[in-house]
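Below, chain A is the first sequence line, B the second, and so on; all start at residue 1. In this text the structure is predicted, and so the values were computed from the model without any measurement.
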Amino acid sequence: MNTQIHKILIANRGEIASRIMRTCHRLGIETVAVFAEPDREASFVREADQAVALGGNTSAETYLRQDLLILAAQKTGAQAIHPGYGFLAENADFARAVREAGLIFIGPAAESMEAMGSKARAREIMQKRKVPVVPGYQGAAQDLPTLAGEAQKIGFPLLVKAAAGGGGKGMRVVREAKSLESAIEGVKREAKAAFGDDHLILERYFDTCRHIEMQVFGDMQGNVIHLGERECSLQRRHQKVVEEAPSPSISDDQRKLFAQYAVQAARAIQYYGAGTVEFLLTDAGEIYFLEMNTRLQVEHPVTEEITGQDLVEWQIKVAEGHELPAAQSEIFFGGHAIECRLYAEDPTHDFLPATGKILDFAFPEGENLRLETGIETGSEVGIWFDPMLAKIVTWAENRVEATRLMQYALRKMHCLGLKTNREFLLELISHPQFARADFHTRSLETGLAGELNQQASPNQRWQAALAATAALWLGREAKREILQSIPSGWRNNFYQYQKEEFLFGGEKLTVEYRLEGDFLQIRGCEAAQTLKLVDLHEGGLRLELDGLQADFAVENAGDQFFVQLPEGRELAFERLSRFPEVEKVAEKGACVAQMPGQVVKVLVRAGELVKAGDGMVILSSMKMENTLSAAGDGTVAEVLVGEGDFVEAGKMLIKLKGEE
Amino acid sequence: MLKIPFYYLKFPPESTKLDGQSIIMKKINSQINTRSETFQSNYAQMQVLLTELDKKLVESRFQGQEKHIEKARSEGKNLARERIELLLDRDSPFLELMPLAGLGGNGFGPGGTSVAGIGLVQGRLIMAIANVGTNKGGAIDKATLDKALRLNEIAMQNELPVVNLVESAGANLPDQAAIFNFGGINFREITRRSAKGIPTISVVFGNCTAGGAYIPGMSDYTIMVKDNAKMFLAGPPLVKMATNEITDEESLGGADLHSRVSGVSDYLAANESEAIRLAREIVGTLKPANTHFQPFGLAAPPAYDPAELLGIASPDLKKPFDAREVIARVVDGSLFHEFKPDYGSTLVTGWAHIHGYPVGILANNGVLFSESAQKGTHFIQLCNQNNTPIIYLQNITGFMVGKKYESEGIIKFGAQMINAVSNSTVPTLTVMIGASYGAGNYAMNGRAYEPRFLWSWPNSKIAVMGAEQLAGVMVMIQQVAAMKAGQPLPPEQLKATRDHLIKEVEKQSSAWFATGQLWDDGIIDPRETRNFLGFSLAIVNNTQIRGTKEFGVFRM
């Protein structure tokens with residue numbers, strides 16, 4: 001009994017909502033978006049045929065509200081709900097509630113989700129089906145002594161995971177027994193907040209292994225096939241960073257084994273819909289089942305690129321009750337696809353999440369270039385949701401060519417206004433180790449990481465300063481109403497050059513310039529003596545520096561400047577005012593928010609004595625918790641925030657009376 | 001931030017647009033042969049003059065001896081020119097006025113002890129005047145005073161807010177006789193402008209004593225820099241002399257006292273930079289200018305290279321050049337609508353645009369005849385009817401003389417033109433591009449006829465008549481007198497007298513002498529004529545332009 005779907009509500013946000021809508025519209029299916037208030041201006045809301053305001057800020061108030069989502073679907077006449085990934089995508093209760101409301105849930109059976117959603121149960125099922133699992137503990141007893149005892153049996157390092165977790169959240173590596181307790185507490189708290197379930201499992205942790213996953217698909221008629229594997233070993237804090245298909249590091253024999261285990265796993269739970277079976281590949285070549293994700297994965301595009309299939313379309317067809325659109329023998333694999341995840345984070349400062357307004361977002365066009373994003377120029381990236389901004393996908397005949405195209409895309413695109421990992425990605429995929437596929441799941445936290453995040457050279461800083469000067473100059477020229485036809489900075493008794501000053505970290509660069517005919521004569525600058533403005537277009541400002549033309553992207557928010565050089569290097573710096581503020585003496589020993597976020601817990605009270613390194617405030621930003629510690633010994637003079645407060649970056653949270 | 005129309009990148013723009021309409025006028029057809037000997041020779045001679053101009057401008061930028069400059073720096077002070085640069089909007093053009101005032105005199109050097117001009121602050125036209133405190137303590141010499149008086153006129157006529165950047169020891173005492181009386185005009189004008197709603201903002205950077213104290217004292221807004229600025233009617237030594245009171249500068253008239261206690265100052269600035277920022281903020285709060293007309297967009301440059309003006313203008317005033325060749329290198333697109341082209345041909349009249357501003361132009365093309373004077377009179381009336389500013393390109397050896405011309409009443413026609421020039425109420429700009437002799441100077445709107453601005457090319461000459469004619473006349477008169485006395489002068493003596501006179505008159509007719517006397521507002525590089533005029537037009541359009549129909553009796 002097939003039901004043709006005409007309207008789908010997408011119970012998700014951002015890039016995946018846009019992605020799903022694209023397929024829907026191609027198929028002639030209307031779409032309904034739902035949105036939290038911070039997403040009101042987001043592109044996915046506009047792209048939907050209809051959109052329903054959920055009326056809250058946090059995930060818990062909006063995208064996790066099953067009742068509101070079902071109500072929205074009923075109100076708009078949507079026949080089906082697509083959960084995307086994350087949020088309620090693997091929530092069996094939701095799947096059940098949707099179906100009970102007479103709607104189609106685009107995903108697997110609730111039972112499958114429950115079977116796999118609990119990592120504990122999943123392990124049991126796999127063990128029964130002779131799919132190898134990582135040694136670990138998945139019992140119901142969750143008290144600390146039991147967990148501690150099991151941990152001793154498994155040995156360290158081990159992984160504390162939320163049984164309901166996924167997407168890198170709710171996971172911590174514990175290397176020594178003494179930090180087990182705090183890790184368990186932390187994971188429980190995160191799990192409770194993110195998934196509403198604080199059940200944990202423990203697993204043996206491998207420092208250097210690879211993460212290989214298989215895309216599987218099943219239908220209600222009992223067919224299960226696989227669509228090849230994805231290599232997702234390049235991760236940081238369990239967040240995938242670069243994914244590719246096919247994996248460059250497995251043999252054909254291993255590939256067959258992975259496929260066999262994956263299909264076996266899916267069959268074990270009569271799986272239908274899109275699913276991913278994740279495996280560990282140890283250095284010794286052992287394969288362990290890790291978990292099964294009963295949803296569409298973030299990195300599904302690489303599979304689409306090498307198979308030529310639209311997985312969202314497959315999901316819809318399966319949900320409509322159709323058989324799989326293709327049999328295993330009809331799936332062909334061609335070429336190589338790479339996906340890089342662009343995050344709002346600062347790789348030079350321990351990948352702290354970044355927030356802010358995207359002043360300029362641009363992506364080069366190309367046949368084999370694919371962009372999946374929910375952001376655009378003008379978007380605000382807040383503290384509310386995941387820091388992933390975009391997925392950049394390239395396809396080519398082989399890995400080397402796909403890599404080259406990815407390098408090109410990362411150099412040419414811009415996302416200016418807040419710190420992103422774009423340059424980090426560019427350096428990563430340009431690294432010889434990437435070319436050799438010589439990496440494991442902790443490469444980005446160990447060896448390889450140290451070789452990335454190159455500093456900008458003095459010449460690059462000068463170029464950025466020149467580009468900013470040119471943009472500022474042009475902006476002023478365009479704004480000048482009186483004396484428009486008099487040359488900029490015209491003097492009949494010339495005395496001094498015009499001047500712009502910038503601060504790069506601690507270094508001050510002064511660009512001195514004077515308009516000479518149709519170019520700016522530059523003085524005292526390492527990068528060029530003449531600057532000519534050639535063109536202003538989408539790609540930025542085309543400048544000719546000493547005869548060499550190239551495109552520079554320049555954006556600013558007040559005195560904060562962002563410049564992307566032609567070679568892809570991005571610099572953020574400050575423009576110095578001509579009229580500097582009279583300096584204020586900085587407060588000593590204060591605890592200041594490094595990024596915007598929500599105060600989870602205040603750990604100290606006024607009058608309390610603290611020692612350097614003592615935690616004072618736990619701040620949650622982008623769903624990551626960070627503990628801010630005292631920089632030195634002292635007494636808490638004043639607590640300026642309370643639990644639940646939202647704070648901006650730079651906000652003082654705790655005042656300390658320091659000891660000299 | 002980069003949402004900027006592409007045309008701003010074009011140097012120069014491809015077309016002239018005014019209010020969306022293309023200007024429809026005929027392009028002047030230039031006849032200049034840049035390879036000709038005359039052109040080459042003119043060019044070379046003009047370059048010598050321009051080199052001299054550069055040299056004199058370098059002198060004008062002298063801001064005091066190194067030790068005084070070092071001392072100022074150690075006190076956290078900027079130099080006068082730096083203060084102006086900081087006051088102006090970034091990239092703002094700045095028209096420095098009378099930079100060579102006092103040139104050749106025995107004062108404090110060209111420009112005196114002030115730097116003054118017009119530029120943009122917060123996007124609006126203002127006049128900035130800075131005392132050069134590091135040169136003679138910023139004491140006022142005669143040239144500096146004369147310059148100040150002329151600046152007062154310019155500010156009043158064009159309704160320009162004035163920002164004074166004050167640091168002056170007051171009148172240069174040895175010069176007091178030349179300065180004292182008319183120095184009072186400075187204070188009178190500040191308050192007269194204020195009465196008309198044209199504000200003066202004074203920023204006090206250093207000592208400001210006696211009369212000097214009234215500059216900020218009379219101003220609408222006064223800012224003082226902490227620790228450095230001081231204002232008092234009499235300094236501690238004079239106070240001691242007068243009342244035997246012993247005091248120090250800071251408690252007598254420091255910035256703190258005046259800002260917190262006396263109320264003489266309105267703002268206490270922590271340092272110079274803050275003081276200038278405050279002045280800029282104040283400008284931002286002023287009511288907008290009563291602008292008459294503001295062109296939209298960039299104007300088309302002349303179709304002919306303005307650099308060719310150097311080869312066109314002849315330093316030998318006996319050799320005429322076609323005024324149209326000058327106009328062609330000054331006006332937008334070289335487009336010129338000539339009025340009465342076939343009548344009174346020694347005066348070229350017509351309409352054009354400069355930097356998008358509509359103008360009427362009167363330019364000499366030889367001596368003035370009765371017809372040319374009549375044509376000029378007619379044209380001036382038309383410009384008044386149309387509220388159009390007038391530009392006079394002055395290259396005139398005078399009115400035609402001789403029996404024929406006297407008998408046709410050339411005096412009458414000259415008088416008509418001077419009547420029109422005198423009573424015209426549209427703003428006028430005069431450029432001395434060659435000769436300026438005799439009644440021609442008057443009929444062509446010389447300094448006495450109060451053009452809003454008067455600019456001189458370095459080759460220009462100004463006098464009652466040419467040096468040779470003057471010497472010739474003088475020698476002739478002497479000889480006649482001598483012969484009457486029966487003692488004719490020997491030819492050697494006549495020649496010596498003649499040569500001496502020529503030399504003296506030549507010197508006093510030069511542009512250098514003229515600018516030193518402030519007979520103009522500055523000597524300009526002919527290639528920059530267009531920018532000077534465009535700038536001047538923006539300034540005269542800062543207020544409403546109303547022509548007149550009221551003239552004196554035209555003797556018919």
Side-chain angles (χ1 to χ4, degrees), chain A residues 359-360 416 468-500 513-520 532-538 540-542 552-558 561-562 577-583, chain B residues 1-6 8-13 57 60-61 81-82 84-86 89-96 99 111 115 117 119-120 123-125 270-271 273-274 276-278 280 289 291 294-299 301 332 354-356 522 524-525 528 530-532 534-535 538 541-542:
Chain A
L359 303 170
D360 184 26
L416 298 177
T469 301
L472 284 162
W473 180 83
L474 193 58
R476 285 193 295 269
E477 285 305 290
K479 263 205 315 220
R480 193 168 78 216
E481 289 176 8
I482 313 171
L483 305 177
Q484 269 189 5
S485 295
I486 303 270
S488 171
W490 182 85
R491 294 287 183 276
N492 56 327
N493 196 5
F494 179 79
Y495 180 67
Q496 67 184 33
Y497 276 61
Q498 299 287 327
K499 182 162 85 166
E500 284 285 359
Y513 65 92
R514 183 186 183 183
L515 181 70
E516 299 270 8
D518 64 352
F519 65 91
L520 295 175
K532 197 166 172 160
L533 287 102
V534 182
D535 198 1
L536 183 63
H537 54 76
E538 287 265 312
L541 200 53
R542 194 169 185 84
F552 295 75
V554 186
E555 290 296 331
N556 75 313
F561 271 74
F562 305 90
S577 166
R578 296 167 82 193
F579 306 101
E581 290 286 327
V582 181
E583 276 182 43
Chain B
M1 85 182 251
L2 293 173
K3 309 296 172 260
I4 295 160
F6 179 66
Y8 279 97
L9 288 167
K10 298 276 183 193
F11 302 96
L57 286 174
S60 79
R61 296 195 292 268
R81 287 180 182 272
E82 293 163 355
I84 287 187
E85 296 280 352
L86 197 56
D89 292 347
R90 272 191 164 114
D91 303 320
S92 162
F94 183 63
L95 176 63
E96 188 172 333
V115 181
L120 298 175
R124 55 170 301 164
L125 286 166
N271 52 34
S273 151
E274 192 184 25
I276 291 174
R277 181 179 61 76
L278 284 166
R280 287 176 50 81
T291 308
Q294 193 168 291
F296 172 78
L298 293 184
D332 295 354
I354 297 176
H355 285 183
I524 68 175
D525 181 333
E528 289 286 340
R530 174 176 163 76
N531 284 331
F532 277 92
F535 209 135
N541 274 279
N542 197 50

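For B:Arg530, no part sits under 4.5 Å from any heavy atom of chain A, backbone or side chain. Proximity to chain A (any heavy atom under 4.5 Å) is shown, for B:Ile84, by neither the backbone nor the side chain. Only the side chain of A:Tyr513 comes within contact range of chain B, with at least one heavy atom under 4.5 Å from a heavy atom of that chain. In this structure, no portion of B:Ile524 lies under 4.5 Å from any heavy atom of chain A. When heavy atoms are compared at a cutoff of 4.5 Å, B:Asn271 approaches chain A solely by way of its side chain, counted from C-beta outward. Looking at B:Leu120, the atoms closer than 4.5 Å to chain A (heavy atoms on both sides) all sit in the side chain, from C-beta outward.
Among residues two or more places apart in sequence or in another chain, the ring-ring contact (aromatic ring centres under 6.0 Å, His included) test is passed with B:Phe535 by A:Trp490. Taking the side chain to side chain donor-acceptor pair (under 3.5 Å) definition, one finds that B:Asn531 meets it with B:His355, B:Glu528, sequence neighbours left out.
A salt bridge links A:Glu500 with A:Arg476; the closest basic N to acidic carboxylate O contact falls under 4.0 Å. The residues B:Glu96 and B:Arg81 are annotated as salt-bridged, a charged nitrogen and a carboxylate oxygen being separated by less than 4.0 angstrom.
Nearest heavy atoms, A:Ile482 versus B:Gly123: CD1-O, 3.2 Å.
Contacts with chain B were tallied for A:Glu481, A:Lys532, A:Arg514; A:Glu481 has the most, counting heavy-atom pairs under 4.5 Å.
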